[in-house]
Amino acid sequence: MANPHIISFIQGLSHLEARLVEEHLNKSHSLFDGKNEVLEIKLFKYIIQHKKELISDEMIISETGVKRVTDLKNNLYSKVLEAITLDKYILNNELFNEADAISFSLKKKLLVCKVSIRILSQGKTEAIHELLNEIISKAKEYEMYDTLVEALHTKKYFGGIRTGSKEFEDINTELRLFEECCKAVFNAADNYYRLILNNEFVKTLSKTEAAEHLTVSIKQMEMDYKKTRSEQINYYLHILYFSFYENQKDFKTAIEYCNKLILIIKKNKAIYRSERMGFAYTNLCQYNTFAGRYSEALKNAKKSQQYYLEDSFNNAVSKEQEFYTNFYNKNYPAANKCLNQLLSHSKIDTGEFRRSKFVYYHACVYFAEGDFKEALHLLNKSLEIEKDKTRWNISLRILNIMIFIEMNKINEASYSLESLRKYIERTGKTDELSARNLLVVKLLRELEKEGFEYNRENKTVNSSLERLTEENSETSWEYFSSELIPFHKWVAGK
């Protein structure tokens with residue numbers, strides 16, 4: 001039975017991977033000169049030429065004339081897998097960093113050892129010993145504990161059983177140590193990814209629970225690092241350190257630990273990855289932004305982009321950080337330039353939410369510059385894309401009301417406010433309906449009573465404004481939120 005995802009996998013190959021596979025298929029054809037190889041090439045070219053189409057078995061039969069489609073797809077898939085594990089690909093330092101390339105190489109050499117041991121001859125023995133020792137030495141150097149443990153097990157049963165009980169037990173002693181290291185590193189990685197999942201995807205932990213998770217995880221990882229001296233654990237430990245201080249709103253200390261992490265990554269080849277450097281600088285950008293150090297944050301954002309491939313998603317995330325920093329620093333031309341680059345970025349989904357978000361960003365920039373007509377034009381465009389979807393819809397609607405008020409279109413502002421009230425009533429309780437958003441709508445309805453003029457004697461308005469201005473409360477304004485124009489500052493400035 002064929003893997004049901006073979007076609008989509010091949011369609012997902014990068015241009016470089018597709019070229020590599022085609023070269024491999026052509027070489028296989030020249031070696032075997034068989035009909036099957038020719039058909040594999042024909043099918044591969046057909047799939048690549050129709051990357052964005054849903055290709056059925058009937059279409060493959062029509063294209064190739066072969067009725068045993070499952071066999072043809074399986075054979076092609078095997079060749080594709082062979083091609084993307086060739087040294088010329090996995091050791092390409094323009095695609096993979098040094099540690100990744102070494103990891104791929106060691107796993108491949110270990111496979112060679114295992115295959116060779118199965119069909120062993122006297123002439124192979126010493127070469128296998130040397131290869132295993134090379135794998136073990138390099139795996140220790142780069143803290144690749146999973147490969148190291150597997151290689152030691154292989155050496156123990158291949159070599160230890162031949163050389164005697166001493167070497168057998170010596171390997172067992174090493175194994176116990178490195179199995180402990182492997183377990184500790186996996187535990188550290190798990191703690192880190194649980195934090196990421198909670199922050200970026202589903203909020204399963206309250207702020208208090210998140211702080212408790214960080215405290216318990218840090219304590220365990222500190223003990224594991226002391227025991228193993230593994231720099232991989234130290235890497236995750238420092239991420240948890242600055243995450244803990246971020247949770248506590250102590251951005252000065254978070255910045256200190258983020259800078260320490262950068263030094264740790266730089267000086268340890270076992271953990272160095274260019275994307276890890278980019279990640280550290282992206283976090284540093286955020287913390288400097290939280291601290292109001294926009295110029296420093298801008299340097300961090302640009303620095304992080306140096307460590308990401310230009311057409312990567314991480315690069316786009318970093319470019320969005322650069323936009324935020326410029327916007328908060330009131331450098332609106334630079335902010336707009338970032339948005340234009342984001343909208344043309346190869347890894348940005350230009351449909352639905354993401355495109356709507358960047359168009360909305362543009363509207364915020366024009367609003368901040370006082371060009372309310374252009375802001376309204378772009379906002380309508382963004383609302384058309386977003387329609388009644390959740391996430392940023394309330395922020396878009398609130399900005400729409402603010403624009404009408406600025407343009408003195410009071411009737412339109414009232415109509416839009418009533419529409420927003422009904423939308424909230426219809427939507428019900430969701431993550432989008434934050435306490436701050438609800439308070440903003442309440443304040444707008446109070447302002448509506450006086451023609452959307454801010455009467456500084458109005459106690460209800462002043463009370464709401466005071467709550468919106470508070471820090472570290474559920475109604476506080478937050479950086480990097482959908483509310484780019486702080487509503488309370490806008491009202492107070494009118």
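Keep in mind that this is a model prediction, so the values were computed, not measured. Just so it is clear, the values below take in all heavy atoms, side chains as well, and ignore hydrogens, waters and symmetry mates.
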Mind checking whether [X] and [Y] have side chains closer than 4.5 Å, heavy atoms only?
X	Y	result
Met402	Phe487	yes
Ile218	Tyr236	no
Asn268	Ile264	yes
Ile47	Leu76	yes

Any ion pair linking [Y] and [X] (charged N to carboxylate O, less than 4.0 Å)?
X	Y	answer
Glu470	Arg467	no
Glu406	Lys373	no
Glu425	Arg421	yes
Lys107	Asp146	yes
Lys357	Glu320	yes
Glu82	Lys79	no

So does [Y] get a backbone contact from the side chain of [X], meaning a donor-acceptor N/O pair under 3.5 Å?
X	Y	answer
Arg436	Thr475	yes
Asn400	Leu396	no
Thr289	Cys285	yes
Ser217	Leu214	no
Ser304	Ala301	yes
Gln11	His50	yes
His488	Ser476	no
Ser78	Asn74	yes
Ser419	Tyr415	no
Ser464	Thr460	yes

Centroid separation [X] to [Y] less than 6.0 Å:
X	Y	value
His362	Phe358	no
Phe251	Tyr245	no
Phe372	Tyr366	no

Result block: side-chain N/O donor-acceptor pairs under 3.5 angstrom for residues 270-281, not counting sequence neighbours:
from: Arg276; atom 1: NH1; to: Ile271; atom 2: O; distance (Å): 3.0

Are more than 12 heavy atoms from other residues, nucleotides or ligands located less than 6.0 Å from atom [atom1] of [X]?
X	atom1	answer
Phe480	CZ	yes
Glu23	CD	yes
Lys108	NZ	yes
Glu418	CD	yes
Gln248	CD	yes
Lys51	NZ	yes

[X]-[Y] side chain donor-acceptor pair, cut-off 3.5 Å:
X	Y	value
Gln286	Glu246	no
Asn234	Glu231	yes
Asn315	Ser318	no
Tyr324	Tyr294	no
Asp100	Asn97	yes
Gln321	Thr282	no

Heavy-atom closest pair, residues [X] and [Y]:
X	Y	result
Leu444	Phe452	O-CE2, 3.7 Å
Glu483	Trp477	O-NE1, 2.7 Å
Phe323	Ala335	CD1-O, 3.4 Å
Arg397	Leu420	CD-CD1, 3.7 Å
Gln232	Val185	OE1-CG1, 3.5 Å
Tyr142	Glu98	OH-OE2, 2.7 Å

Could you check Tyr328 against Tyr479 for ring-ring contact (aromatic ring centres under 6.0 Å, His included), going step by step and ending with a plain yes or no? CA-CA 9 Å; Tyr328 297 141; Tyr479 281 107; 4.8 Å; yes

Working to the nearest 0.5 angstrom, can you tell me the gap between [X] [atom1] and [Y] [atom2]?
X	Y	atom1	atom2	value
Leu86	Leu81	CG	CG	11.0 Å
Asp250	Asn247	CG	CG	11.0 Å
Leu379	Ile403	CG	CD1	5.0 Å
Lys319	Ser312	NZ	OG	11.5 Å
Asn462	Glu446	CG	CD	10.5 Å

Applying ring pair (Phe, Tyr, Trp, His ring centres under 6.0 Å), can you list everything that pairs with Tyr89, at least two apart in sequence or on another chain?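 Applying ring pair (Phe, Tyr, Trp, His ring centres under 6.0 Å) to Tyr89 gives Phe96.
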
Between Asp190 and Asn187, is the side chain to side chain donor-acceptor pair (under 3.5 Å) condition met? List the steps. CA-CA 5 Å; Asp190 279 357; Asn187 180 66; over 6 Å; no

CA sep, side-chain torsions, deciding dist, call: Arg19, Glu22, salt bridge (charged side-chain N to carboxylate O under 4.0 Å, His left out): CA-CA 5 Å; Arg19 194 174 66 198; Glu22 189 170 350; over 6 Å; no

Whether Tyr241 and His238 hold their rings parallel, tilted or perpendicular, with breakpoints at 30° and 60°: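 Geometry flag for His238 against Tyr241: perpendicular rings.
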
